[in-house]
Amino acid sequence: MKFDQPATINPIDRARVVGQPIDRIDGPAKVCGTAPYAYERHDAAPNAAYGWMVGSAIAKGTINSIDTRAAEAAPGVLAVVTHANAGDLGKGRMNTATLLGGPSIEHHDQALALVVAETLEQARDAAKLVVIDYATGEGRFDLAAAMRGATAPKDVQGSPADTRTGDFDGAFAKAAVKIDQRYTTPDHSHAMMEPHATTAAWTGDKLTLWSSNQMIAWSVGEIARTLKIKPDNVQVIAPYVGGGFGAKLFVRADALLAALGARAAGRPVKVALARAQIPNNTTHRPATIQRIRLGAKKDGTIEAIGHEVWSGDLPGGGVEVAALQTRQLYAGKHRMTKHRLAVLDLPEGNAMRAPGEAVGLLALEVAMDELAEACDVDPVELRIKNDVQYDPEVGPSKPFSSRKLVECLREGATRFGWDKRNPKPGQVRDGQYLVGMGVASAFRGNIVMKSGARVAIDGKGRITVSSDMTDIGTGSYTIIAQTAAEMLGVEASDITVRLGDSSFPASAGSGGQWGANSATAGVYAACMAMRSQLAQKAGLNAEDALFEDGMIKAAGKAIPLREAAGRDGLSVEDSISFGDLTDRYAQATFGAHFAEVGVDVYTGEVRVRRMGGAFAAGRILNPKTARSQVIGAMTMGVGAALMEELVVDTRFGYFVNHDMAEYHVPVHADIPEQDVLFIDELDDKSSPMKAKGVGELGLCGAGAAIANAIYNATGVRLRDYPLTLNKVIAGMAKA
Amino acid sequence: MKAFTYERATSPAKAAAAAVANPGARFIAGGTNLLDLMKLQIETPTHLIDVNRLDLDTVRETSDGGLRIGALVRNTDLAAHKKVRRDYAVLSRALLSGASGQLRNKATTAGNLLQRTRCPYFYDTTKPCNKRRPGTGCAALAGFNRNMAILGTSADCIATHPSDMAVAMRLLDATVETVAADGSSRAIPIADFHRLPGTTPDIETALAPGELVTAVVLPRPIGGSHVYRKVRDRASYAFAVISVAAIFGKDSNARFAFGGLAHKPWRTEAADAAAAAGANAVADAALAGAKTTEHNRFKTDLVRRTLAQVYAQQEIRA
Amino acid sequence: MKDSPAALSRRAVLGGSAALCAAPAIHASANAQTAPTGKTQMIATTLKVNGKDVRLTLDPRTTLLDALREHLHLTGTKKGCDHGQCGACTVIVEGRRINSCLTLALMHDGDDITTIEGLGTPDKMHPMQRAFVTHDGFQCGYCTPGQICSAVAVLDEIEAGIPSHVTEDLDKVAFSDAEVRERMSGNICRCAAYPNIVAAIRDVAEGEKA
């Protein structure tokens with residue numbers, strides 16, 4: 001099915017099942033510990049041996065020699081894999097650095113060997129016996145120093161690295177009110193709870209990988225490319241994924257090493273990265289340096305808006321697209337954005353939840369707060385004043401498919417009690433705390449991806465939906481069941497959903513908050529095909545047929561689905577693909593974040609007291625799971641604002657704080673009540689589901705609302721994240 | 001984790017004797033720090049002596065009205081102990097601010113004292129560290145040292161002691177009781193128990209090889225108002241950036257100990273003597289000789305501010 | 001450990017097994033070749049897991065977590081960090097929650113261990129498991145078994161009057177959201193279902209009182 005015209009009324013609009021806050025259908029398995037994750041497939045690979053990765057101790061250079069003799073001689077060791085014996089390997093298109101390094105080394109903790117042994121204890125111990133002699137090379141590790149040599153990337157997600165509209169320089173120079181500030185965000189780690197893990201088994205030429213991975217179809221191609229085998233010989237299975245946030249979009253070292261280890265050992269092998277290996281071995285969200293210039297009239301109307309971004313990555317890598325939202329979020333006749341990429345020899349930078357916006361808004365939305373103060377306009381009103389219903393770089397010819405930013409700001413402000421905010425900073429005291437409120441807009445582009453599914457009804461009438469879609473905590477199982485139930489006129493409990501297996505039709509996968517909308521649209525397409533076939537078999541006209549109560553009803557007849565499907569059952573497959581609606585319309589999701597913080601007046605410790613937000617993201621497929629996505633993202637925003645930072649040691653070229661004791665993410669005690677309001681919205685240009693993504697939106701702007709609340713509480717304006725207590729007290733000392 | 005042999009000790013003296021008989025042996029109790037380090041091969045014992053089943057898990061009153069806390073008393077139990085809550089609240093508070101509920105259920109009194117530093121270079125076997133491998137250098141000196149020590153440091157090591165409990169023990173003038181392989185016992189004042197790094201940062205305590213901590217003894221209660229203020233980067237489950245333990249007595253008397261500043265819980269006579277002169281005077285005295293880096297310079301200001309807070313709250317209470 | 005009768009009887013029982021372990025049974029097997037140090041031994045141990053005695057012969061290095069996951073195939077208990085930094089491996093041992101990654105299986109010879117599988121099954125969920133489903137107290141599900149084991153134990157800890165960092169008066173311990181947040185802070189959820197988890201625990205606590 002091709003989606004190239006806005007959706008009209010369709011079965012989803014009944015909203016009998018879709019849009020209901022039903023419990024997760026995979027819930028009981030998860031809360032009882034019976035849901036199997038990648039390293040837990042005793043059922044499928046009962047005699048798996050254990051692999052332990054050896055990472056590079058240096059960031060840049062070459063291996064002079066690698067001595068595996070002691071490791072090989074250690075008790076229980078079955079094989080040691082290195083570049084020297086791994087065979088001819090290619091590189092995935094989506095990997096910047098090779099997954100198995102050697103002889104040249106591209107980054108710290110790049111995998112250089114895998115030790116396979118009978119037991120985990122033996123493998124881990126023997127891994128320490130691999131002796132590597134390095135020739136250390138010169139590396140570049142300091143973004144601020146490398147900034148000057150940064151160059152324009154070819155493109156940023158298919159659009160130009162730089163954009164210009166009108167006369168930015170002239171308009172900014174003439175503006176009555178100017179903001180020109182520099183902001184920095186550090187490297188971030190996904191820190192999902194399940195480490196990267198894979199169990200691999202070969203049967204002849206055929207490789208099966210039970211792998212913790214967000215993108216099954218991509219990974220089949222990537223692993224085939226890396227191992228130089230046919231994609232047909234690769235099966236990737238991931239029914240449960242213990243969090244990803246972008247860390248598992250791509251094939252990583254665990255998958256390649258498990259495959260190589262299994263080949264070398266002649267039996268299944270499983271590999272999980274050790275927690276301390278993850279930040280330097282895998283990918284991270286790159287640090288940014290950002291400059292924002294806002295030129296406005298005295299009343300806050302933006303005339304000139306400019307956003308420049310610098311980030312770094314390994315040679316051949318990509319830039320953090322942190323200025324993208326600035327192209328579309330606010331009005332302003334004169335505009336510019338610019339992305340520059342520096343070459344750094346740190347571990348590979350790549351996508352983490354809401355790449356671009358997550359850190360772009362940490363800067364832009366603080367700049368907006370600064371502008372509001374400079375113009376003496378309420379920060380909510382400033383954003384409303386600068387709303388624009390079309391892509392401001394293009395003009396009214398490219399309207400937004402739907403855009404309810406203003407509604408989000410207004411309703412969110414009311415719910416939060418924004419009117420109680422004292423606009424003058426440093427005025428509200430509660431015991432030892434200075435209290436402040438902040439607001440920020442939320443913006444995240446809406447991406448759609450081709451997605452397929454199979455729908456089958458067996459002889460007993462049980463309906464099964466199969467797709468290689470993943471559920472990384474996003475609720476895919478549940479919303480897919482809801483979609484199929486709605487389409488076929490049954491209950492969600494009547495649907496079995498099977499996900500995360502490359503033998504199923506390829507789906508959109510989980511990433512870029514495109515998963516829910518695209519994957520359910522694919523299920524919609526398959527269900528439309530199923531409806532048509534069922535009607536045909538029943539001798540009815542599909543166009544007229546009503547699917548409800550487990551029956552097809554038309555022409556005065558009501559035939560149970562089981563009967564219509566016949567004794568042999570029925571299985572159909574289809575996919576949704578998307579036409580040019582994303583070109584004809586600007587498509588994005590919107591929201592407004594509100595935060596109240598308390599800042600310890602003595603120690604500068606910041607504690608979030610309340611968070612609230614209103615979000616418009618098309619049809620909300622399941623308000624319960626969608627809310628969980630949003631509060632989880634808001635919490636990641638708390639992390640980005642207050643504590644998350646991979647600290648670069650520029651001498652050794654690595655992230656020093658590479659475990660969960662030293663890389664802080666929020667814990668229970670950091671998170672108070674979080675209020676989420678979904679604004680009613682259907683977006684008929686996004687998909688037949690009329691939904692958009694919501695999984696990343698909650699992160700976008702959340703941290704900036706906290707930064708602005710800190711300013712409101714203390715009068716200390718901080719522009720270098722994370723906003724740790726040492727920065728707060730330094731600011732308070734100056735104030 | 002390197003292979004090791006394992007035995008369960010049946011008495012403290014036998015445990016100590018076994019440790020002397022097996023060079024490379026370590027006692028294991030809670031294991032929450034030792035196993036963490038063994039997995040990374042920062043600790044590589046060849047023999048483990050499991051002391052968990054020794055009769056060292058009770059808290060008893062001493063003849064002079066103090067408390068003898070068995071080495072194996074778990075952090076949860078010590079914090080919740082009636083007498084500790086009532087008479088040594090600073091100890092309860094310090095314990096409860098540390099680690100997590102799960103870790104406190106496992107971690108023991110002796111193990112908590114013997115915790116090793118959280119310096120990230122100590123934790124990374126690919127990097128230089130004089131504490132882990134004497135003579136390799138200190139990567140923290142010119143590296144990421146925001147959380148490192150500013151007092152009592154040396155050119156070889158600027159690590160901090162991570163314990164909260166030990167800071168309260170120091171404030172309370174606790175004594176550490178031990179038994180040696182020959183069955184002899186001794187009592188080490190807590191002030192002498194932890195060492196400064198000097199040129200041998202790998203030697204962290206006054207314990208001799210094989211010497212087993214059997215108890216920590218608290219002198220009779222001194223009353224007063226007890227405070228443990230831990231400043232940290234997130235609301236819970238984080239090591240202290242700095243911490244201040246204090247007991248305010250009558251007539252402007254007070255005593256202070258600090259965490260997150262040094263290789264050991266930091267307490268000075270001069271700081272205690274300055275109590276009557278107020279927070280700034282205490283800070284001046286406590287911070288005398290502080291040596292900071294670009295990244296941890298804020299700690300002096302933070303100590304000052306936290307002391308001011310502790311004093312301010314004391315006034316509110318009084 | 002408190003000197004409860006249960007603790008005393010446990011020690012008495014273990015006195016016997018400690019003697020047994022002073023001369024540990026050494027088993028020759030393909031997995032127990034002599035290490036370079038010449039000291040690898042395999043040791044027999046008995047754990048009482050979810051009410052059943054299980055006898056294992058283990059490399060002493062085996063953590064309780066790996067014994068559960070790799071030897072007993074009780075994979076509901078998760079390995080998130082393996083270093084006590086996340087709480088995903090939380091199980092209840094002798095009535096107390098601990099990080100199973102930071103303890104050796106051998107150290108628990110004779111101990112009563114409850115894992116997520118012992119609390120309930122999809123057909124017969126523990127009230128806490130059901131409350132987590134109702135309140136969507138999880139997303140990816142990986143930290144969930146640890147959160148639930150921790151939550152069950154937290155309610156017992158509050159009941160037992162064990163104070164926490166946020167307990168204002170150390171002698172007055174009572175249920176509150178703030179207490180739950182502090183006590184659950186050793187269980188990290190990166191999907192961050194925190195408010196939903198607190199709601200689930202509150203529900204169960206109120207149900208228990210009712």
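Just so we're on the same page: letters track the sequence lines, and every chain starts at 1.
Each of D600(A), D659(A), T724(A) has some count of heavy-atom pairs under 4.5 Å with chain B, and the biggest count is that of D600(A). Options T306(B), N296(B), L302(B) differ in how many heavy-atom pairs under 4.5 Å they form with chain A, and the most are formed by L302(B). For the options H668(A), R651(A), H658(A), K727(A), heavy-atom pairs under 4.5 Å to chain B are most numerous at R651(A). Of the listed residues (E662(A), Q432(A), E121(A), M643(A)), the greatest number of heavy-atom pairs within a distance under 4.5 Å of chain B belongs to Q432(A). Between chain A and the residues T126(B), I242(B), T125(B), L307(B), the most heavy-atom pairs under 4.5 angstrom are made by T126(B).
At a 4.5 Å heavy-atom cutoff, the contact between A661(A) and chain B is made by side-chain atoms alone. Contact annotation for V601(A): only backbone heavy atoms (N, CA, C, O) come within less than 4.5 Å of a heavy atom of chain B. Contacts between P162(B) and chain A at a heavy-atom distance below 4.5 Å are absent for every atom of the residue. Proximity to chain B involves both the backbone and the side chain of V656(A), based on heavy atoms less than 4.5 angstrom apart. Only the backbone of M660(A) has a heavy atom closer than 4.5 Å to any heavy atom of chain B.
Of all heavy-atom pairs spanning D125(A) and K2(B), the tightest one is OD2-CA, 3.7 Å.
Taking the ring centre of Y654(A) as origin, the terminal cationic atom of K127(B) falls inside the region bounded by 6.0 Å and 45° from the ring axis.
Annotation: side chain of F655(A) is not in contact with side chain of P120(B) (no heavy-atom distance under 4.5 Å).
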Query - Verdict with supporting geometry, M732(A) and R305(B), side-chain contact (heavy atoms from CB on, under 4.5 Å) - result: CA-CA 11 Å; M732(A) 291 200 294; R305(B) 289 172 156 272; 3.8 Å; yes
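Annotation: R429(A), atom CZ; neighbour count of heavy atoms from other residues, nucleotides and ligands within 6.0 Å is above 12.
A donor atom on one side chain and an acceptor atom on the other are found under 3.5 Å apart for D649(A) and Y121(B).
Note that OG1 of T44(B) is 10.5 Å distant from NZ of K128(A), once rounded to the nearest 0.5 Å.
Residues of residues 227-235 of chain B lying under 4.5 angstrom from chain A, judged on non-hydrogen atoms, are R229(B), K230(B), V231(B), R232(B), D233(B), R234(B), A235(B) in numerical order.
Paired with N726(A) under the rule side-chain contact (heavy atoms from CB on, under 4.5 Å), one option of H295(B), R146(B), R297(B) passes, and it is R146(B).
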